[in-house]
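Input: a single structure, listed below in C-alpha cells.
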Amino acid sequence: MKPTKFSFVAAVTVSAALVALAALYFSPARRQQQRIFTAEELVAYNGTDDALPILLGILGSVFDVTKGKSHYGAGGGYNHFAGRDASRAFVSGNFTGDGLTDSLHGLSSTEVKSIVEWRDFYFKSYMYVGRLVGRYYDKHGNPTKYLKGVEAKAKRGAQLLEKQKKEEAKQPSCNSRWSQDEGGKVWCDEGYPRLVQRPLEIALTGKMSKRCACFRKDQLDNPGLEVYSGCDPLSNTCAV
Ligand code: HEM
Ligand SMILES: *[C@@H]1O[C@H](CO)[C@@H](O)[C@H](O)[C@H]1NC(C)=O
C-alpha cells in the first residue's frame, strides 16, 4: 500500500470515529445522564408507581435500580433507599425516621469510606441517571464543598486503614478459636499473647479497640502490653 493511500484510509477511519464519538456525546442517553433532580422530584421514583423507574440517591448521585425491584420496590427490604438519598443509612443500617438522612455528620473516616464504596457499587451495578440538588450538588449540578469534604475524608480513611494494616503486619496476631466445651482461647506458635490497643483505631472509628498479638520474650517490657487476666505471663495459651 502506498503511503498516500494509507493516510487517506487513516483519515477516513479517524473522521468516522470522531463522528461516532460526537453522536455518543450528544445522544439522548447522555442527556438523561445529565439530568438534575430535586428531592421533591425524586420521591416520585420510590417504587410505588409501577409506570416509573425506581431511582435511588447516594452522595447525591442518582441511579436507576429498577432491575433490583425485589430489593428496592414496594415491600422490598431496601425500599427505604428508593426515591431519596439516605446515604447515612448505608452504614448506620437505621432505616427509620431521621435515620434516613443524607447527612454524614459525626461519622468516622472509615464509615465515610464505606459509603463511597457503596456509591462505587451502584456505578458498577446500575445505570447512573443524574444528580440530586442539595447537600452534594448545587442547582447547576456542580459538586458542593460538602461532597469534596466527604471524598477527602474517605481517602484519609483508606490511607489510615492501609497504615494500620502495615503496622499490624509487623507484630504477628495471635491464633484464636472458640469451641463449645473449651470456650474461647488465644495462643501463639512463637512468643506470648498480649492485648494491645490498635494505634489508629480512634482516628479510624472513634472507638477504642484491642487485638491480640504475639511478642517475643525480649519485647515483653514494651509499653502498652496487657497480659490476659488469669493467664500466666509466660504461657503461650490463654483462655478468653
Ligand atoms: C447496614 C446494614 C445493611 C445495609 C445498608 C444493607 C444494604 C443492602 C443493599 C442496598 C442491598 C441490595 C444490593 C443490590 O442492589 O443488589 C443488600 C442486599 C442484601 N443484603 Fe443487605 N444491608 C445491610 C445489612 C444486611 C444484613 C444484616 C443482612 C443479613 C443478615 C443482609 C443481607 C442481604 C442479602 C442476603 C442481600 C442480597 C439479597 C439478594 O440478592 O436477593 N444485609 N443489602
Ligand atoms: C434511628 O435514628 C433515629 C433518629 O436519629 C433515632 O431516634 C432512633 O433511635 C434510631 N434507631 C436505631 C435502631 O438506631
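Counting convention: from 1, in listed order, for ligands and their atoms alike. Any value given below was found using the heavy atoms of this structure, including those in side chains, with hydrogens, waters and symmetry copies removed.
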Just list the N/O pairs, ligand 1 to protein, that are under 3.5 Å apart, with the distance for each.
unit_1: ligand 1; atom_1: 15 (O); unit_2: Y72; atom_2: OH; d: 2.5
unit_1: ligand 1; atom_1: 15 (O); unit_2: Y126; atom_2: OH; d: 2.6
unit_1: ligand 1; atom_1: 20 (N); unit_2: Y78; atom_2: OH; d: 2.9
unit_1: ligand 1; atom_1: 22 (N); unit_2: Y78; atom_2: OH; d: 2.8
unit_1: ligand 1; atom_1: 42 (N); unit_2: Y78; atom_2: OH; d: 2.9
unit_1: ligand 1; atom_1: 43 (N); unit_2: Y78; atom_2: OH; d: 2.8

In ligand 2, the atoms that come under 4.0 Å of a heavy atom of T96 are 1 (C)

Using a strict cut-off of less than 4.0 Å between a Lys/Arg side-chain nitrogen and an Asp/Glu carboxylate oxygen, indicate whether D50 and K69 qualify as a salt bridge. yes

| query | Between N79 (side chain) and Y72 (backbone), is there a donor-acceptor pair under 3.5 Å? | reply | yes

Donor-acceptor under 3.5 Å (E226 side chain, V196 main chain): no

Under 4.0 Å and counting heavy atoms only, is there anything from the protein next to atom 2 (O) of ligand 2? yes

Tell me whether R131 contacts the main-chain N or O of H140 through its side chain, where contact means a donor paired with an acceptor under 3.5 Å.
no

To atom 11 (N) of ligand 2, the nearest of L100, D98, N94 on a heavy-atom basis is N94

*asked:* Any carboxylate oxygen within less than 4.0 angstrom of a Lys/Arg side-chain nitrogen, looking at E167 and K163?
replied: no

Checking the side chain of K153 only, and the main-chain atoms of L107 only, is there a donor and an acceptor separated by less than 3.5 Å? yes

Notebook entry, point to check: Side chains of Y136 and D85: does their closest heavy-atom pair fall under 4.5 Å?
Noted result: yes

request  = Kindly say whether the aromatic ring centers of Y128 and Y122 come within a distance under 6.0 Å.
outcome  = no

Counting from 1 in the order shown, the ligand 2 atoms closer than 4.0 Å to a non-hydrogen atom of G99 are 2 (O), 4 (C)

